[in-house]
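Worksheet: one structure, shown below.
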Amino acid sequence: MICSLFVIQSQSNSFHVSRAERQRADLLQQTQSLTQTPPPVLLLHSLTDNEGDWSILPVLPYLSLLFGKNSSWLVFLEEETNVKVTKLLQALRKFDRRKEWFLGKPLHDEESTIIHHYAFAENPSIFKYPDFSAAWALSIPLLDRSDDPLKSDFTIDLKHEVALYIWENGQGPRLTAVPELCTEPEHSPTAQHCATTLSSPAPLCGEPVKKEDIFVAVKTCKKFHTERVPVVKKTWEREAFLLEYYSDHTDPSIPTIDLGVPNTERGHCGKTFAILERYVSDAVPKTRWLLVVDDDTLISLPRLQMLLSCYDPSEPVCLGERYGYGLGQGGYSYITGGGGMVFSRAAVVRLLASDCKCYSDDAPDDMVLGMCLNALGLPVTHSSLFHQARPEDYSRDFLAHQVPISFHKHWNIDPVAVFNRWLKDESRSTSPRGLNKSTKEEL
């Protein structure tokens, strides 16, 4: 009997594959002294050829079929999660493996939020969902009935949607808290009881990418020139070396560039593809990376420079907060635009060399790009440090172990105050070398 089956929530980008392989090797080394038959340790991105495997729910029947008879628990781990296997197995033994269990470190919403479709609006804190960074587990009996169709076309916040799927409107179990599943730093004195911790420091991949290697494109329009653009200038514009504002109106005081694409109330696909064309032209300096943001995106460029040091710009990298559409029915993944979309030059060149285009100027740019990438077989790479919504829209405990890169939207907040609290590093100069120790450890 194999006690546990481990699934690392890996991604197909080379940096993430390397990190997941190291984690798998560590798990197997730990289990050699515990059993004669090492437990399976699977990499999620390599289970099948289905683009939607990262959303986990489509692969549960597959895992149940292959391993259900020989396993008691299915344990999911993120790449950066450190695991003490002995402590983890001891924690799982407290639960009757013959029953349906959904285990993890609980998160909850303080207020109803758009990223969770305003679920449980009258009492958002009543519903608990797992912090994936701490690991989470399903008992095999629960896995055996997990072949129902997905409840929504969109995959936005996977950890919340997994919990809703398992709960099944009260027909399934709620999340049970396991104190040994933690998100404390690995060497923290408070982590002595923990079976899982977070790396401290997390991988640093060399010197930060130079700001000269990132071209920043800000999408705006005339009606926001006096409302949103000043916020960008007060907060993060000074950290950019190469930045242009793209609008439907030329305003030399900002300055803005009119790309000849009329403003649309939604979508902005025409404008984004015009930005991609301009990026590879002789009109702007040649850089390795392109960042496309909205005029109400708040972002830390020095933290982005740190993160990009882990990625190879010669590969077609498309990085940000990943959403999904129709993943259970052959759909596609996409980088949601509000949190910032990062492309390597290689990715932009591949996109523009294809026949993929906007079906209308007001088509959703991020979703059209996702369809294009899917058609080309190019992976979308997720980072939880990018955020499509405001800090208020995320669980406090989830943000507590992050050093975020971006947030989005000015609705009902003071955006300058949000930037100063969440994204500004007081101890740095204008150089990313000034980032403080805690920021480097998180990245």
Side-chain angles (χ1 to χ4, degrees), residues 9 51-58 60 76 102 104-133 136 138 146 148-175 265-268 294 296-297 320-341 363-368 370-371 380 382-399 402 404 406-413 418:
Q9 293 174 232
E51 159 63 20
D53 281 357
W54 66 267
S55 64
I56 295 174
L57 299 178
L60 292 182
F76 288 91
F102 176 31
K105 178 186 177 183
L107 298 173
H108 69 272
D109 296 333
E110 284 78 25
E111 58 185 64
S112 60
T113 169
I114 188 172
I115 64 172
H116 297 155
H117 307 289
Y118 299 106
F120 306 95
E122 294 184 0
N123 186 7
S125 64
I126 195 172
F127 187 74
K128 306 300 191 295
Y129 52 98
D131 189 333
F132 282 177
S133 298
W136 56 287
L138 305 175
S146 60
D148 295 332
L150 299 177
K151 303 298 189 295
S152 173
D153 288 335
F154 285 92
T155 301
I156 295 178
D157 184 9
L158 181 60
K159 53 191 179 294
H160 191 270
E161 288 154 25
V162 164
L164 282 175
Y165 180 85
I166 292 172
W167 178 59
E168 201 177 354
N169 291 318
Q171 300 302 308
R174 289 182 179 266
L175 181 71
E265 290 299 319
R266 59 182 184 180
H268 313 299
D294 294 344
D296 58 348
T297 301
E321 184 177 22
R322 177 181 55 193
Y323 282 10
Y325 179 76
L327 295 178
Q329 300 84 36
Y332 55 90
S333 306
Y334 62 98
I335 297 300
T336 181
M341 300 183 288
D365 53 352
D366 47 8
M367 296 182 72
V368 171
M371 287 189 282
V380 164
H382 173 69
S383 170
S384 62
L385 303 181
F386 295 80
H387 302 87
Q388 169 69 12
R390 310 163 304 156
E392 288 84 348
D393 293 310
Y394 299 88
S395 168
R396 292 175 188 170
D397 289 341
F398 175 67
L399 293 180
Q402 283 196 345
S406 70
F407 291 103
H408 179 228
K409 294 189 181 299
H410 295 175
W411 182 69
N412 267 4
I413 63 169
V418 168

List the steps, then state whether side chain to side chain contact (heavy atoms under 4.5 Å, CB included) holds for Leu107 with Phe132. CA-CA 10 Å; Leu107 298 173; Phe132 282 177; over 6 Å; no

Atom of Arg390, atom of Phe407 and distance for their closest heavy-atom approach: C-CD2, 3.9 Å

Heavy-atom distance under 4.5 Å between the side chains of Ile115 and Tyr323, does that happen here? yes

Taking only residues two or more places apart in sequence, or in another chain, which ones meet Lys159 in a salt bridge (Lys or Arg N to Asp or Glu O under 4.0 Å)? Asp157

Just how far is it from atom CD1 of Ile156 to atom NE2 of His117, taken to the nearest 0.5 Å? 4.0 Å

Can you sort out the partners of Asp53 under salt bridge (Lys or Arg N to Asp or Glu O under 4.0 Å), two or more places apart, ordered by chain and number? none

Without swapping roles, check the side chain of Ser383 against the backbone of Gly320 for a donor-acceptor pair under 3.5 Å. no

Give the C-alpha distance, both sets of side-chain angles, the deciding distance and a yes or no for side chain to side chain contact (heavy atoms under 4.5 Å, CB included) between Glu392 and Trp411. CA-CA 11 Å; Glu392 288 84 348; Trp411 182 69; over 6 Å; no

Asp294: salt bridge (Lys or Arg N to Asp or Glu O under 4.0 Å) partners, not counting sequence neighbours: Lys219

Kindly indicate, with the supporting measurements, whether the criterion side chain to side chain donor-acceptor pair (under 3.5 Å) is fulfilled by His382 and Gln9. CA-CA 11 Å; His382 173 69; Gln9 293 174 232; over 6 Å; no

For residues Phe398 and Ser384, report the shortest heavy-atom separation together with the two atoms involved. CZ-CB, 4.2 Å

What heavy-atom pair brings Gln329 and Asp153 nearest, and what distance separates the two atoms? OE1-OD1, 4.4 Å

Within this structure, what is the CZ-CD1 distance for the pair Phe120 and Ile126, rounded to the nearest 0.5 Å? 8.0 Å

Where do Arg174 and Phe127 land on the side chain to side chain contact (heavy atoms under 4.5 Å, CB included) test, with the steps shown first? CA-CA 8 Å; Arg174 289 182 179 266; Phe127 187 74; 3.7 Å; yes

Closest heavy-atom pair, Leu175 versus Gly104, reported as atoms and distance to 0.1 Å, is CD1-N, 3.5 Å

Does one side chain, of Glu321 or His408, offer a donor that lies under 3.5 Å from an acceptor on the other? no

Aromatic rings His160 and His116: how do their planes relate, parallel, tilted or perpendicular, breaks at 30° and 60°? parallel

Decide side chain to side chain contact (heavy atoms under 4.5 Å, CB included) for Leu57 and Glu161; before the verdict, give the C-alpha distance in whole Å, the side-chain angles of both, and the deciding distance to 0.1 Å. CA-CA 9 Å; Leu57 299 178; Glu161 288 154 25; 5.7 Å; no

State whether the number of non-hydrogen atoms from other residues, nucleotides or ligands found under 6.0 Å of Ile413 atom CD1 is greater than 12. yes

Rounded to the nearest 0.5 Å, the OH atom of Tyr394 sits from the OG1 atom of Thr113 at a distance of 7.5 Å

Return the minimal non-hydrogen interatomic distance between Ser55 and Leu158, and the atom names on each side. O-CD1, 3.2 Å

The criterion is side chain to side chain contact (heavy atoms under 4.5 Å, CB included); which residues satisfy it with Arg396, sequence neighbours excluded? Glu110

Contacts of Glu122 that satisfy salt bridge (Lys or Arg N to Asp or Glu O under 4.0 Å) - sequence neighbours left out: none

Minimum heavy-atom distance between His108 and Lys128, given as atom pair plus value: CB-CD, 3.8 Å

Which pairs of donor and acceptor atoms, one on a side chain in residues 332-339, lie under 3.5 Å apart (sequence neighbours left out)?
{"unit_1": "Ser333", "atom_1": "OG", "unit_2": "Glu51", "atom_2": "OE2", "d": "2.2"}
{"unit_1": "Ser333", "atom_1": "OG", "unit_2": "Trp54", "atom_2": "NE1", "d": "2.7"}
{"unit_1": "Thr336", "atom_1": "OG1", "unit_2": "Gln388", "atom_2": "OE1", "d": "2.8"}

Mark yes when over 12 heavy atoms from residues, nucleotides or ligands other than Tyr325 sit less than 6.0 Å from its OH; otherwise mark no. no

Could you state the interatomic distance from OG (Ser125) to CD (Glu111), rounded to the nearest 0.5 Å? 11.5 Å

I need the Tyr165 OH to Leu60 CG distance, nearest 0.5 Å. 6.5 Å

Output the distance between atom CG (Leu138) and atom CZ (Phe76), rounded to the nearest 0.5 Å. 6.0 Å

